[in-house]
Amino acid sequence: MSGLVLKLAPNERVLINGAVIENGDRRSKIAIRTPNAHVLRLKDAIHPDRANTPVGRACYIAQLILSGDAELAEGKRQLLLAVTQLAVVFEDASSQTILHEARANIEAGAIYPALRRLRDLLPEEDRLIQLRRQ
């Protein structure tokens with residue numbers, strides 16, 4: 001198989017160019033041969049209610065690009081701005097590495113990998129929010 005290959009778990013759902021596709025009862029592979037197709041695994045999707053923190057909002061912007069609900073150039077601009085702002089707050093080396101990789105992905109137009117990297121910051125963001133509440 002060439003192109004983007006998705007390995008889907010049983011009953012896993014994925015959004016491809018605005019259409020929700022649900023896998024059957026067995027693991028399967030799907031090859032996406034259309035270049036620049038908008039693909040989002042729904043298990044990676046952020047509910048709009050969860051987009052109430054800086055990292056959550058950045059993830060949601062990426063999700064809107066992937067779902068085709070945001071124009072690519074404007075979405076990338078907003079996403080790069082969000083990453084720049086997050087780099088001021090997340091000062092540890094691990095978070096900086098994640099943000100650097102997310103920025104490189106965004107600049108290359110690889111929005112899904114950027115989303116995956118940004119999601120890695122959610123636990124650290126939760127930890128920082130809890131510390132601030134104490």
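The first residue in the sequence is number 1, and the count goes up from there. Just so we're clear, the structure is a prediction, and the values are computed from it rather than from any experiment.
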Intermediate values then yes/no, side-chain contact (heavy atoms from CB on, under 4.5 Å), I16 and T34: CA-CA 10 Å; I16 301 174; T34 303; over 6 Å; no

T53 and E125: CA distance, side-chain angles, deciding distance, side chain to side chain donor-acceptor pair (under 3.5 Å) verdict: CA-CA 8 Å; T53 64; E125 182 182 52; 2.7 Å; yes

Check against side-chain contact (heavy atoms from CB on, under 4.5 Å), S94 and T97: CA-CA 5 Å; S94 175; T97 298; 5.8 Å; no

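The main-chain N or O of Q63 is found under 3.5 Å from a side-chain atom of S67 such that the two form a donor-acceptor pair.
Residues passing the side chain to side chain donor-acceptor pair (under 3.5 Å) test with N23, sequence neighbours excluded: S28.
Counting heavy atoms from C-beta on, the side chains of R117 and N105 come closer than 4.5 Å. You'll find the side chain of E107 reaches within 4.5 Å of the side chain of L80, heavy atoms only. A 4.5 Å side-chain heavy-atom check between I46 and R57 finds every atom pair outside the cut-off. Looking at heavy atoms from C-beta onward, L99 lies out of side-chain contact with T84 at the 4.5 angstrom threshold. Contact of the N11 side chain with the D25 side chain is registered, since non-hydrogen atoms from C-beta on lie closer than 4.5 Å. Counting heavy atoms from C-beta on, the side chains of L122 and R50 come closer than 4.5 Å. At a threshold of 4.5 Å between non-hydrogen side-chain atoms, the residues P54 and V89 do not count as touching. Under the 4.5 Å side-chain criterion, counting only non-hydrogen atoms from C-beta, V14 is in contact with L6.
When all heavy atoms of K7 and E12 are compared, the pair lying nearest together is O-OE1, 4.0 Å. Of all non-hydrogen atoms in I65 and G75, the two that sit nearest each other are CD1-C, 3.4 Å. In plain terms, the two heavy atoms of V55 and L118 that are nearest each other are CG1-O, 3.5 Å. Of all non-hydrogen atoms in P10 and R27, the two that sit nearest each other are CD-CG, 3.8 Å.
Atom CD of E101 sits about 13.0 Å away from atom CZ of R116, to the nearest 0.5 Å. The line from CG of L66 to CG of L15 is 9.0 Å long, rounded to the nearest 0.5 Å. Between the CG atom of L79 and the CD1 atom of I61 there is a distance of 6.0 Å, given to the nearest 0.5 Å. In this structure, R127 CZ and L121 CG are separated by 12.0 Å, a value rounded to the nearest 0.5 Å. Separation of atoms CZ (R103) and CG (L86) is listed at 10.0 Å; rounding is to 0.5 Å. Remark: F90 CZ to I98 CD1 distance equals 9.0 Å, nearest 0.5 Å.
A chain of hydrophobic side-chain contacts below 4.5 Å, direct or via other Ile, Leu, Val, Met, Phe, Trp or Tyr residues, connects L8 to I32. When the side chains of ILVMFWY residues are joined at heavy-atom separations under 4.5 Å, either directly or via intervening members, I111 and L81 end up in two distinct hydrophobic clusters.
Using modelled atom types, one finds a donor on one side chain and an acceptor on the other under 3.5 Å when comparing Y112 with D44.
For residues 60-76, the pairs satisfying salt bridge (Lys or Arg N to Asp or Glu O under 4.0 Å) are E74-R77, with sequence neighbours left out.
Within a 6.0 Å radius of CZ in R41, other residues, nucleotides and ligands contribute more than 12 heavy atoms.
Salt bridge absent: D126 and R119 never bring a charged side-chain N and a carboxylate O closer than 4.0 Å.
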